[in-house]
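Sequence positions, counted from 1, serve as the residue numbers for this chain.
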Amino acid sequence: MALTGDKNVILGEDGLPAANNLKRSKNVAENEEEDSKKKRTESCFDQPVDSSVYEVIKYSPSALPAKHYDADTTEPISCGLSSMNELLSWNRSEANPFNVAAVPLAPRKPRLVNCLRRTLVSHDMMGGYLDDRFVQGTSSEAPYAFYHWQYIDIFNYFTHQMVTVPPAVWTNAAHKHGVIVLGTFITEWTDGAAVCEAFLKDEESYRAVADKLVQISHYYGFDGWLINIENNLSEGAVKNAPLFLQYLTEQMHERVPSSLILWYDSVIEDGKLKWQNELNQSNRIFFDACDGFFTNYNWTEENLEWMKNYSVVQGRQADVYIGVDVFGRGKVVGGMLETNKALDVIRKHNFSAAIFAPGWVYESQSDKSEFRSNQDKFWALLSDYLYIHRPASQLPFISSFCQGFGKAVYRKGQHETAKSWFNLAAQEIQPLYYHMALEDRGWVRSSGCPEDAWDGGCSLLLDGLIPATLNTPICAKIFSLHVPLDSRIMVTLVYKASAGITVSLQLRTTDSSYCSHTDVHEVTRKQSLITSVTPETVGSGPQLESQMSELCGNRDLHGWTVQCSQLELHGCVLREVCVLIHREGEPQDMTFSCRVGEIMVLDVGTLQPPTDPVRGLCIDDVVWLRGAGSSPESSSSCLRLNATLRWDYPVESVRHFRVYWRRLRGPDPRIPPGQLELLARAYSNQFRVTELLVPEPPSVLELLVEPVTRGGSLIPESWWGRRQLSYTE
């Protein structure tokens, strides 16, 4: 398989080659419109922060496109494309800016090109675009989410719409963990055959379709496509299908680094729809034209035995993804809670795996409250056949273990909002989830705990039994990483522990002749293939206070213990983060629990407060509504503001933004200005305010945006983004 390297390749729309580019004038106009829009936004950014936007209230219907914004609330939503006309007429000026992924593909070890037996997950759930269609999240009592990212290489969002664009919340969560994201292009049945007959009739037609697929992937920030042609093809169409695949693959590689195009086992070389359940001479022409082949699900071990000796597979065995239907439909190996049987056979013959519809763990259960335990059980069954991938980003390394949903949103151990929610963009780097047996009936388990959290929606619960015979600490592995360390580092551990145990943190680094450490305070170091460094807690001092007051200023906050340590390392690579749990007192069987709220590994040299304020705050696409809105307890005469906020700030330096509003004056001058009220967290440089209940006109209110930095430094309010909105009726 030919994969591009990690180089930055950014081309404009006109940089995309095409055969007979008859639409160049349209593309030029489209680019000019984009440039004009960009200039207007930059002009807004350059306005003084105390300048005001003036609005005359009008109750006209929203002009926002219904396919990108909820008709009732104007909330931004994700969607796909249902027809070839929609695909060919797609352009950036009419695309959904809220569905653009804010997180680039993070590095991880090993890289995909070096993975010889990969794992793909194809997410197919109840037609798709459910709670996950709400770009800014939604209220949901029991949503579906995926968080075992360390086990997989590729995530495919699958629906039966012709063009499935992955919701940005999925792309953001996957990219944060270094997982490639694929959309789906599908044609089916009689209508699909007609579509294929039209776009595969000649070179100009199939290149036009491929160009649009490349542009969509590049604009929305995901990494490629699964191509699924599940209908018969004419002689002319099937002749052009491999050429379409080859052109699409080449253009994706040129435009999107590390992109992939995969073909699903369906049509064969004579154009008949005839699932083979293997790669063979009848369908190899499609495999030869793209990056990989996703087999149908009704294979047997004989199919795999034959394939591994097939000459076409030699050197590309990792590019053959053996399909596994978790629902177990038809005559298949494994499925449901026996999916591990399929993985056992697939790995025995050294193939990659494509796990289809693992949301079965959610859909099949009437009691959705047990979703976490069901999902953990399912992936634990597969874990022996999967490979742990290690995040390989530079410092800082931070996680509060938020899974992207919960019963409340927490901030420093207290409720920020007290209602159930779902937003995968809020998901942080996920730890290892497992149940591990210890000696003499002892055990330790790690799982997500929504009952209490330090930041976000859940903490990591470590619980278990320390047997009386165990005299050494339990080492609960939390992360497997590949993070270079070459500086003085600060480590924070936030936790709540049951009585009778002592909790500390252990960092394990590669044991290399180039890896050395200088003791800032006494540390314990064990020589082995992995070097274990257990920093002692650092006492407060003037230098530490100046750098770490926000991180370590309060050691016992709302029942949470905040433990800070520092040490100096050079030429090392952080490989594992473990929590050590030691029993206090006399040896006896002891049950324990420890909620881990947050772990941070920071470069002390980068802990200076940010020097850049939020640049500008633009208010666009204002829609006024009067009525109860979607909240049943609201008065029917309420005035509600809906507006898009945009600002400029380096997203890579923040965990999220906090969006606020406050009343400044009017309509009654005797009423003093209001207090700041939090609206929500935002995970990109834009946010749609929806159904905000505001004072009657004439009034002036202020909208503000606070960056929450990854290093924990507070940004002074004078550096926040802010804009006043004055309105009359």
Side-chain angles (χ1 to χ4, degrees), residues 2-4 8-35 67 79-97 99-101 157 161-166 171 180-187 192 194-229 233 236-263 286 289-291:
L3 289 177
T4 60
N8 291 321
V9 181
I10 304 296
L11 300 176
E13 291 294 339
D14 294 333
L16 183 64
N20 304 324
N21 192 352
L22 301 178
K23 300 180 180 179
R24 177 167 295 278
S25 60
K26 180 178 179 180
N27 290 339
V28 170
E30 187 178 310
N31 289 339
E32 289 175 350
E33 183 176 346
E34 283 291 308
D35 291 342
K67 65 181 179 179
C79 65
L81 307 176
S82 299
S83 70
M84 185 57 67
N85 285 338
E86 274 193 89
L87 174 60
L88 292 176
S89 62
W90 185 91
N91 61 74
R92 291 185 304 170
S93 63
E94 298 175 3
N96 182 359
N99 199 44
V100 175
Y157 195 84
Q161 293 193 37
M162 180 177 293
V163 178
T164 299
V165 177
T171 305
I180 285 173
V181 177
L182 306 182
T184 304
F185 177 74
I186 186 172
T187 62
V195 166
C196 290
E197 199 63 27
F199 92 86
L200 292 173
K201 65 182 179 181
D202 55 37
E203 182 179 17
E204 180 183 340
S205 299
Y206 71 67
R207 287 196 172 201
V209 169
D211 288 345
K212 289 298 182 182
L213 293 176
V214 172
Q215 291 170 26
I216 289 170
S217 177
H218 181 261
Y219 177 83
Y220 286 118
F222 60 96
D223 311 296
W225 298 93
L226 171 66
I227 307 299
N228 188 358
I229 306 297
L233 296 178
V238 77
K239 179 181 177 182
N240 283 326
L243 301 177
F244 160 69
L245 268 183
Q246 182 177 3
Y247 177 75
L248 174 61
T249 303
E250 291 171 352
Q251 297 308 305
M252 283 297 304
H253 287 180
E254 183 175 342
R255 194 69 178 274
V256 180
S258 301
S259 61
L260 289 176
I261 300 296
L262 304 184
W263 174 265
F286 307 109
C290 67
D291 294 314

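- In this structure, R207 CZ and L243 CG are separated by 9.0 Å, a value rounded to the nearest 0.5 Å.
- Remark: the backbone N or O of L200 is paired with a side-chain donor or acceptor of N240 at under 3.5 angstrom.
- With hydrogens and angles ignored, the 3.5 Å screen pairs no side-chain donor or acceptor of T171 with any backbone N or O of A101.
- Atom CD1 of I227 sits about 6.5 Å away from atom CG of L245, to the nearest 0.5 Å.
- Here the side chain of D223 pairs a donor or acceptor atom with the backbone of V181 at under 3.5 angstrom.
- Checked by atom type and distance alone, the side chain of S217 never pairs as donor or acceptor with a backbone atom of L213 at under 3.5 Å.
- Side-chain contact between F185 and I229 is present, with at least one heavy-atom pair separated by less than 4.5 Å.
- Here the CD-CD distance, from E86 to Q161, works out to 8.0 Å after rounding to the nearest 0.5 Å.
- Looking only at side-chain heavy atoms (C-beta outward), P97 and Y219 come within less than 4.5 Å of each other.
- Here the CD atom belonging to Q251 is positioned 12.5 Å from the NE2 atom belonging to H218, to the nearest 0.5 angstrom.
- The closest side-chain donor-acceptor pair between S93 and N91 falls under 3.5 angstrom.
- Side-chain contact between T164 and L226: absent, with no pair of heavy atoms (C-beta onward) separated by less than 4.5 Å.
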Evaluate side-chain contact (heavy atoms from CB on, under 4.5 Å) for L248 paired with Y206, printing each intermediate quantity in order. CA-CA 9 Å; L248 174 61; Y206 71 67; over 6 Å; no
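- In this structure, W263 and F286 have parallel ring planes: the angle between them is below the 30° cut-off, well short of the 60° mark.
- Classification of the Y220-F222 ring pair by plane angle, with boundaries at 30° and 60°, yields parallel.
- Looking only at side-chain heavy atoms (C-beta outward), M84 and L87 come within less than 4.5 Å of each other.
- Between E250 atom CD and R255 atom CZ the span is 15.5 Å, to the nearest 0.5 Å.
- Remark: the backbone N or O of M162 is not paired with any side-chain donor or acceptor of T187 at under 3.5 angstrom.
- Put simply, the side chain of V165 does not reach to within 4.5 Å of the side chain of N96, judged on heavy atoms.
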